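Because only heavy atoms are used, hydrogens play no part in the values below, and waters and symmetry mates are left out as well, while side chains stay in. Please read these numbers as outputs of a predicted model, since none were measured by experiment.
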Amino acid sequence: MARDIEDWEEWTCFPNQLCDIPTSARRALFYRERNSHRGIHQFQNLEKLKARVVNQDFLEEICELKNLKFLSLERVSAKDLKPLKKLNNLRTLKIETANQVIDFLCLSELTHLNALYLCNAKHLSSIEFLSESHHLARIGVEGSMWAQQRIETLEPSAGLKSLQEIFMSSVRLVDKNLTYLANCPKLEVFECARFAPKSSFEELRQLMPDLSCRWCDKYEID
């Protein structure tokens, strides 16, 4: 599933009051206003949660939801992501617009994850913290509509044993060498910005003839 995008038809908007979440709900949306999140840790049936405006206190409570398998955090003002290590059942983690987070290393310790997506992370310029993340099948490190994510190099991704899909839209890549990805034995999909010269994508295509990559197939823009 590309980027693990999910549409939950029972939710048409993000509520900001806990009374709007059924106690039996297995998935929910929630938008924090001031302290409206207080008590969300009691919703232990939740397996999937999309949360917006996540400060440190809200994150701490979310990380008491032991049955979470899918978690999406948007507009994150929390500085410390270490509480996420409590979520032993988590399989998919998305973090969007985390401007206060400086240290992402703790995410590499979430070895139960299958998919990790980071979008518009102000202080993220290196993916070195993922260099031993052989458990991840899907990785997304992306910018936004308004700002490109500056990433130094793809070298830390070389040799990731389980990686099947990598997403890097709206990224400015400093090291234009793409051949590091050829050392990922299971890689099938590479969706990215046109952030390297045509020769770099051609070299990657020679090494990975079956890789699904738009720029490897047709570099020119009509």
Side-chain angles (χ1 to χ4, degrees), residues 3-8 10-23 25-113 115-127 129-130 133 136 139-151 170:
R3 290 176 175 80
D4 289 87
I5 296 173
E6 297 196 6
D7 182 24
W8 305 341
E10 73 271 30
W11 292 100
T12 58
C13 64
F14 277 73
N16 57 20
Q17 298 296 323
L18 294 180
C19 60
D20 293 324
I21 302 178
T23 56
R26 296 178 62 184
R27 58 190 189 184
L29 313 179
F30 194 78
Y31 181 105
R32 179 187 69 85
E33 286 192 354
R34 298 183 179 85
N35 295 322
S36 66
H37 66 285
R38 295 278 174 84
I40 198 169
H41 69 277
Q42 299 176 38
F43 290 78
Q44 290 296 320
N45 288 320
L46 286 177
E47 296 180 357
K48 298 184 178 185
L49 175 66
K50 297 180 184 180
R52 287 181 176 171
V53 193
V54 182
N55 64 5
Q56 194 67 46
D57 189 59
F58 190 10
L59 179 64
E60 297 280 354
E61 281 220 34
I62 288 172
C63 292
E64 296 299 325
L65 298 171
K66 304 299 185 182
N67 292 314
L68 281 183
K69 298 177 182 178
F70 175 103
L71 177 60
S72 174
L73 306 174
E74 301 177 24
R75 295 172 58 187
V76 180
S77 61
K79 296 181 179 180
D80 185 3
L81 299 179
K82 293 186 183 67
L84 290 167
K85 293 193 289 185
K86 297 180 181 179
L87 299 176
N88 295 323
N89 289 310
L90 198 62
R91 297 294 178 265
T92 300
L93 174 62
K94 297 184 172 188
I95 303 176
E96 181 177 343
T97 312
N99 292 333
Q100 303 298 318
V101 178
I102 296 175
D103 185 4
F104 292 87
L105 183 61
C106 65
L107 299 182
S108 67
E109 300 176 39
L110 307 179
T111 55
H112 41 275
L113 282 183
L116 174 64
Y117 303 93
L118 302 173
C119 179
N120 195 30
K122 181 177 180 180
H123 298 288
L124 179 64
S125 60
S126 170
I127 59 171
F129 71 100
L130 295 175
S133 297
L136 289 174
I139 293 175
V141 179
E142 304 186 279
S144 68
M145 291 178 61
W146 305 277
Q148 288 186 323
Q149 192 77 36
R150 182 181 184 274
I151 298 297
S170 193

Got a sec, which residues hit salt bridge (Lys or Arg N to Asp or Glu O under 4.0 Å) with [X], two or more places apart in sequence or on another chain?
X: Lys66; answer: none
X: Lys122; answer: none
X: Glu33; answer: none
X: Asp20; answer: none

Please find the pair of heavy atoms, one from Arg38 and one from Asp57, that lie closest to each other, and give the distance.
NE-OD2, 2.7 Å
Mark yes or no for whether [X], through its side chain, and [Y], through its backbone, hold a donor-acceptor pair below 3.5 Å.
X: Lys94; Y: Asp4; answer: yes
X: Gln44; Y: Glu64; answer: yes
X: His123; Y: Asn99; answer: yes
X: Gln100; Y: Ser77; answer: no
X: Arg34; Y: Arg32; answer: no
X: Ser170; Y: Ser144; answer: yes
X: Gln149; Y: Val141; answer: no

Chi angles and distances behind the side-chain contact (heavy atoms from CB on, under 4.5 Å) call for His112, Leu90
CA-CA 7 Å; His112 41 275; Leu90 198 62; 4.1 Å; yes
Stacked cation flag Lys50 on Trp11, 6.0 angstrom / 45 deg:
no
Could Arg52 and Phe14 be counted as a cation-pi pair, given that NZ or CZ must be under 6.0 Å from the ring centre and within 45° of the axis?
yes
Could you go through the salt bridge (Lys or Arg N to Asp or Glu O under 4.0 Å) check for Arg3 and Glu142 one step at a time?
CA-CA 11 Å; Arg3 290 176 175 80; Glu142 304 186 279; 2.8 Å; yes
Please name all residues satisfying side-chain contact (heavy atoms from CB on, under 4.5 Å) with Asn45, sequence neighbours left out, ordered by chain then number.
none
Tell me, please, which residues at least two apart from Ala78 pass side-chain contact (heavy atoms from CB on, under 4.5 Å).
Gln56, Leu59, Val76
